[in-house]
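Keep in mind that what you see is a predicted model, and the values were worked out from it rather than measured. Chain letters run A, B, ... following the sequence lines, proteins first, then strands; residues in each count from 1.
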Amino acid sequence: MKVITTDVLVIGAGLAGERAAIAGAQTGLDVTMLSLVPPRRSHSAAAQGGMQASLGNSVKGKGDNPTIHWLDTVKGSDWGADQEVARIFADNAPIAMREMAHFGVPWNRVEGGPRDVYIKGKKTTIVEDFDKEGLITARSFGGTAKWRTCYTADGTGHTVLYAMDNLAVQLDITIHDRMEALSLIHEDGVCLGAIVRCLRTGDIIAYMSKSTAIATGGYGRLYGESTNAIINEGTGSWIALQTGLVPLGNMEAVQFHPTGIVPTDILVTEGCRGDGGLLLDVDEYRFMPDYEPEAQELASRDVVSRRMKEHMLKGKGVQSSYGEHLWLDLRHLGAEHLHTKLREVYDICMYFIGVDPIKELIPVRPTQHYSMGGIRVNKDGHAYGLKGLFALGEVSNWDMHGFNRLGGNSLAETVVAGMVVGEKIASYAKTAELNANISLAEKFGKEQTDKIAHLMNNSGSENVYKIRDEIAHFLREDVHIFRTGEKLQNAVDGLKEILERIDQVKVQTTAPGMNPELSQALRIEGMAKQAYIIAKGALLRTESRGAHTREDYPARDDKNWLNRTLATWAVGADEPEFNYEPVGQLDLPPGDRGYGGGQMIDMDLTLEQYNAKVDAEQTAFGKHPTLEPMGTRIPKEAWREESPYKDAK
Amino acid sequence: MARTLTFKIFRYNPTKENDEPHIDTFELEETPRLNLFTALHRIREKQAPDLMYDFVCRAGICGSCAMMINGRPTLACRTLTSDLSETIELYPLPFFKLLGDLSVDTGVWFHDMAKRLESWIHTQKEFDPAALEERMDNKTAIKIYDSERCIECGCCIAACATAQVNPDFLGAAGLNRIGRFLFDPRDKRGDQEWFELVSTEIGVFGCIGMMACDDVCPKDLPLLEVFSYIRRKMNSGVKVAVNEMDLT
């Protein structure tokens with residue numbers, strides 16, 4: 001087996017992975033990036049609408065600051081976020097946007113003077129400040145008090161990824177693309193690298209490193225119908241889970257985006273509604289103001305998706321041969337807007353569903369979009385349970401999103417976490433010794449070659465694609481927007497039965513090289529186990545919080561459930577183990593989000609009592625000590641100076 | 001009435017001993033709004049589990065799935081079978097290294113192109129995290145984005161006559177990238193530096209102007225406009241260089 005050594009191994013070369021790799025390379029470390037696909041084809045490229053950062057340059061963002069951004073984020077999370085991590089994010093987001101401008105992102109800029117915009121369905125004229133001319137501008141997104149989402153038309157992910165990859169090329173960072181990490185090499189609770197399959201040749205290779213970072217994106221494709229790229233099958237979270245040591249956090253927290261197009265499930269950005277797009281029903285009636293008089297189409301995604309589903313359940317959906325949907329209306333925005341600021345949306349509609357959004361309504365429905373859950377890490381991005389392993393971006397549960405992330409916050413998270421966690425990964429590598437334990441690598445390598453031999457030679461007859469579809473079916477039918485104990489139990493039972501059949505999967509082709517069926521078969525156990533954790537975690541969580549909506553437990557229960565789910569799966573065990581830890585130190589006490597309605601059960605501890613137990617309880621589940629003590633990044637009660645709290649004083 | 005489609009697909013696995021390039025034929029029932037992403041997956045999952053091709057975003061954004069579809073390079077994900085004849089011929093893109101069947105190594109070629117062109121902002125300025133961003137006219141930002149929208153799918157290179165005879169040619173994607181940085185005031189490369197990079201037979205003067213790239217670009221990049229801008233810029237670059245020589 002070939003063995004490659006490096007200081008820092010980054011698995012996944014989307015925005016988060018590349019930014020972290022850059023942080024390592026800038027300190028002189030030898031960095032190697034692995035990626036399933038060429039970096040510029042990563043799913044980061046598909047992000048359209050933008051990145052939230054409180055630059056406050058647009059007149060509609062005037063007075064914005066990191067505290068207001070942080071408030072929106074914590075409320076958006078339905079108080080499930082780690083408030084300190086959300087603060088680290090909000091404080092660094094403006095720096096990250098400016099840094100990306102320095103690296104070459106052609107952000108859209110403020111043009112001074114009047115312009116017509118649509119706000120809450122009405123055409124309005126706003127006047128941009130001339131003294132802000134040429135600074136990075138912003139558009140409106142859901143769940144935000146200010147216009148804060150920086151953008152390049154609706155190709156933001158593309159331009160930021162290209163600028164980032166240009167820098168990676170400039171720094172000559174090693175990239176091995178078409179590589180899939182199959183497992184982590186570890187010993188005595190320390191991660192020493194990864195076992196990797198080359199998707200060109202089929203060769204198994206060991207990469208041994210001082211520090212290892214996983215940045216492989218989410219697990220949306222488990223749902224089958226998802227806006228995600230087809231590579232987002234939870235491969236990175238699976239290699240962490242596989243160790244039996246690293247917990248996955250809040251896997252049941254799954255985001256459904258209001259506007260996946262029908263059919264094909266391709267996303268059209270929240271920027272459509274941010275720029276004034278409206279949701280209409282079968283009668284072409286605008287229904288959102290009836291449910292959310294204040295936020296309307298721009299409540300948080302969990303709320304808008306729920307309201308859409310609710311409205312369809314009232315018989316107001318449009319029936320089509322591709323199932324029920326609603327309409328997104330962009331017609332009033334006009335041809336120029338659709339050919340400039342929403343040009344990728346225009347292309348998608350024209351090419352994929354033959355709809356001209358300048359003249360016609362776009363068929364949309366809530367579609368799986370984002371994985372809030374993932375590899376549980378501390379505020380430094382260091383994975384629980386395994387030293388020297390880090391995770392960042394969507395694959396991680398760093399946890400600034402809690403149970404619902406705001407639009408524009410995840411793309412921004414990738415570069416902010418890349419900056420912040422990238423530094424921690426580098427500093428860990430600076431102090432760690434390279435332990436190129438070849439016999440250990442051989443042992444982990446052999447596990448994978450044995451597994452491949454089993455997949456090719458066993459006497460079973462299960463088809464991997466059929467199993468994949470069955471997993472997706474249970475998640476779609478029973479673990480979707482509205483959840484009940486009965487449905488979730490059905491999914492848990494069904495997925496359990498699938499798990500029992502997993503080792504009967506047999507690949508039909510022994511072709512050498514890429515062998516796409518073998519690639520899928522090597523992922524399927526991880527997909528089934530993660531689906532099981534999603535369903536079981538959702539069954540156990542008897543409350544409604546953010547995107548996790550239990551019809552049989554409609555209240556957000558801060559007395560019993562102001563916590564984070566942690567799931568580990570011991571090697572050889574039949575069942576995962578579920579534990580619960582405090583969400584982190586609280587600064588903003590749990591309260592009303594200002595949209596979405598719903599009931600609340602109040603916590604019975606004071607903030608001091610709650611905060612006193614956080615460190616010890618998280619440490620008990622594998623949290624490593626952080627470089628700075630917990631809570632140091634929270635400016636205590638800074639929120640009291642902001643609306644609506646300031647006005648209430 | 002639903003058609004039965006016949007797919008004639010180029011097959012070759014270079015990692016397989018004694019494999020020879022050949023064509024395999026598959027039949028598939030056409031369903032409403034069927035695109036080649038779904039069609040190829042159906043063929044792989046039911047008929048040919050070893051069939052190799054590349055898709056990632058399946059939304060026309062990532063550039064992975066370009067292939068020769070009835071002789072024309074384009075993105076498979078957004079090609080509807082209803083726009084094609086009953087018999088559909090699929091070949092990998094020419095020019096790029098073949099990885100297997102319909103899969104080619106565009107990633108490595110484009111990475112190398114970025115290196116050759118030094119596809120990054122050349123500036124002496126250090127990033128100052130405490131400072132406001134440098135101002136930029138919004139029209140300039142939009143102009144840069146017009147060229148930045150290239151998704152590196154490789155269709156323009158596959159369609160390019162020059163590239164087929166000169167493997168070092170930068171192609172439309174490369175020239176467009178040069179335009180992108182020429183438009184960008186943050187990039188401080190001078191005319192002379194650009195001239196040396198571009199005014200060669202692998203650069204803008206290698207183009208013989210057939211503009212097949214412009215016909216096939218799935219993102220409708222303004223290639224004509226970009227090329228003529230570069231040519232004019234390079235001509236003025238020559239004048240500058242000549243003037244300097246005259247002075248010495």
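- When each of A:Thr152, A:Asn57, A:Val105 is checked for heavy-atom pairs under 4.5 Å with chain B, A:Val105 comes out on top.
- With a threshold of 4.5 angstrom between heavy atoms, A:Val37 approaches chain B through side-chain atoms but not through N, CA, C or O.
- Across A:Glu133 and B:Arg135, no two heavy atoms sit closer than the pair O-NH1, 2.9 Å.
- If you measure heavy-atom distances from A:Ile175 to chain B, the contacts under 4.5 Å come from the side chain alone.
- Only the side chain of A:Glu111 comes within contact range of chain B, judged by heavy atoms closer than 4.5 Å.
- Atom CZ of residue A:Phe352 and atom SG of residue B:Cys77 lie 4.0 Å apart, to the nearest 0.5 angstrom.
- Around the CD atom of A:Glu423, the shell of radius 6.0 Å holds no more than 12 heavy atoms that belong to other residues, nucleotides or ligands.
- Note that the OH atom of A:Tyr351 and the CG atom of B:Asn35 stand 14.0 Å from one another [nearest 0.5 Å].
- A:Gly104 approaches B:Arg186 most closely through the heavy-atom pair O-NH2, 2.9 Å.
- Residue A:Leu135 touches chain B through both its backbone and its side chain, counting heavy-atom pairs closer than 4.5 Å.
- For the pair A:Arg41 and B:Val56, the tightest heavy-atom approach, listed with the atom from each and the gap, is O-CG1, 3.2 Å.
- The two residues A:Ala46 and B:Ile61 come nearest to each other via the heavy atoms CA-CG2, 3.8 Å.
- Residue B:Asn138 is tested with A:Val110, A:Thr137, A:Asn108 for a side chain to side chain contact (heavy atoms under 4.5 Å, CB included); the sole match is A:Asn108.
- For B:Ala48, no part lies near chain A; criterion is any non-hydrogen pair under 4.5 Å.
- Interface remark: A:Lys466 contributes no atoms to any contact with chain B (heavy atom separation under 4.5 Å).
- Residue B:Leu51 touches chain A through its backbone alone, counting heavy-atom pairs closer than 4.5 Å.
- In this structure, A:Tyr465 and B:Arg44 have side chains that are in contact, with non-hydrogen atoms separated by less than 4.5 Å.
- Remark: B:Met52 CE to A:Leu199 CG distance equals 12.0 Å, nearest 0.5 Å.
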Stepwise side chain to side chain contact (heavy atoms under 4.5 Å, CB included) test for A:Met100 and B:Glu133: CA-CA 10 Å; A:Met100 290 317 301; B:Glu133 64 272 23; over 6 Å; no
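- For B:Thr38, no part lies near chain A; criterion is any non-hydrogen pair under 4.5 Å.
- Using a cutoff of 4.0 Å between basic side-chain nitrogens and carboxylate oxygens, B:Arg149 and A:Glu344 are scored as salt-bridged.
- For a residue to count as touching a neighbouring chain, one of its non-hydrogen atoms must lie under 4.5 Å from one of that chain's; by this rule A:Phe103 touches chain B with the backbone only.
- Here B:Ile151 is the residue among B:Ile151, B:Ile144, B:Asp137, B:Asp184 with the most heavy-atom pairs under 4.5 Å with chain A.
- Only the side chain of B:Asn13 comes within less than 4.5 Å of a heavy atom of chain A; its backbone N, CA, C and O stay farther away.
- With a 4.5 Å cut-off on non-hydrogen atoms, A:Val464 does not touch chain B at all.
- Within the 4.5 angstrom heavy-atom criterion, no atom of A:Asn232 approaches chain B.
- Looking only at heavy-atom pairs under 4.5 Å with chain B, the residue among A:Pro512, A:Gly354, A:Pro38 that has the most is A:Pro512.
- Ranked by non-hydrogen atom pairs under 4.5 Å with chain B, the options A:Met97, A:Arg200, A:His43 are led by A:Arg200.
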Derivation and outcome, side chain to side chain contact (heavy atoms under 4.5 Å, CB included), residues A:Met514 and B:Asp101: CA-CA 10 Å; A:Met514 188 185 292; B:Asp101 300 341; over 6 Å; no
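- Only the side chain of B:Asp54 comes within contact range of chain A, judged by heavy atoms closer than 4.5 Å.
- Neither the backbone nor the side chain of A:Ser44 has a heavy atom closer than 4.5 Å to any heavy atom of chain B.
- Contact of B:Pro32 with chain A is made through backbone and side chain together, with heavy-atom distances under 4.5 Å.
- For the pair B:Arg58 and A:Asp265, the salt-bridge criterion is not met [side-chain N within less than 4.0 Å of a carboxylate O].
- Using a 4.5 Å cut-off between heavy atoms, A:Gln48 touches chain B through its side chain atoms alone.
- Taking every heavy atom of both residues into account, A:Ile230 and B:Phe55 meet most closely at CD1-O, 3.4 Å.
- The pair B:Asp128-A:Arg98 does not meet the salt-bridge criterion, since no charged nitrogen lies less than 4.0 angstrom from a carboxylate oxygen.
- With a threshold of 4.5 angstrom between heavy atoms, B:Lys143 does not approach chain A through any atom at all.
- Side-chain atoms of B:Cys150 and A:His158, non-hydrogen and from C-beta on, never get closer than 4.5 Å to each other.
- The contact between B:Glu134 and chain A is made entirely by backbone atoms, counting heavy-atom distances below 4.5 Å.
- Proximity to chain B is limited to the side chain of A:Asp347, based on heavy atoms less than 4.5 angstrom apart.
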Worked verdict on B:Phe127 versus A:Ile95 for side chain to side chain contact (heavy atoms under 4.5 Å, CB included): CA-CA 10 Å; B:Phe127 174 64; A:Ile95 299 169; 4.0 Å; yes
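- Of all the listed residues (A:Ala229, A:Pro263, A:Ala511, A:Pro39), the one sharing the greatest number of non-hydrogen pairs under 4.5 Å with chain B is A:Ala229.
- B:Arg180 touches chain A through its side chain: at least one heavy atom from C-beta onward sits under 4.5 Å away, while N, CA, C and O do not.
- Contact tally against chain B (heavy-atom pairs below 4.5 Å) for A:Thr159, A:Ile231, A:Leu55, A:Asn515: the top residue is A:Thr159.
- Of all non-hydrogen atoms in A:Trp107 and B:Ala141, the two that sit nearest each other are O-CB, 3.4 Å.
- Contact tally against chain B (heavy-atom pairs below 4.5 Å) for A:Gln508, A:Glu99, A:Lys132: the top residue is A:Glu99.
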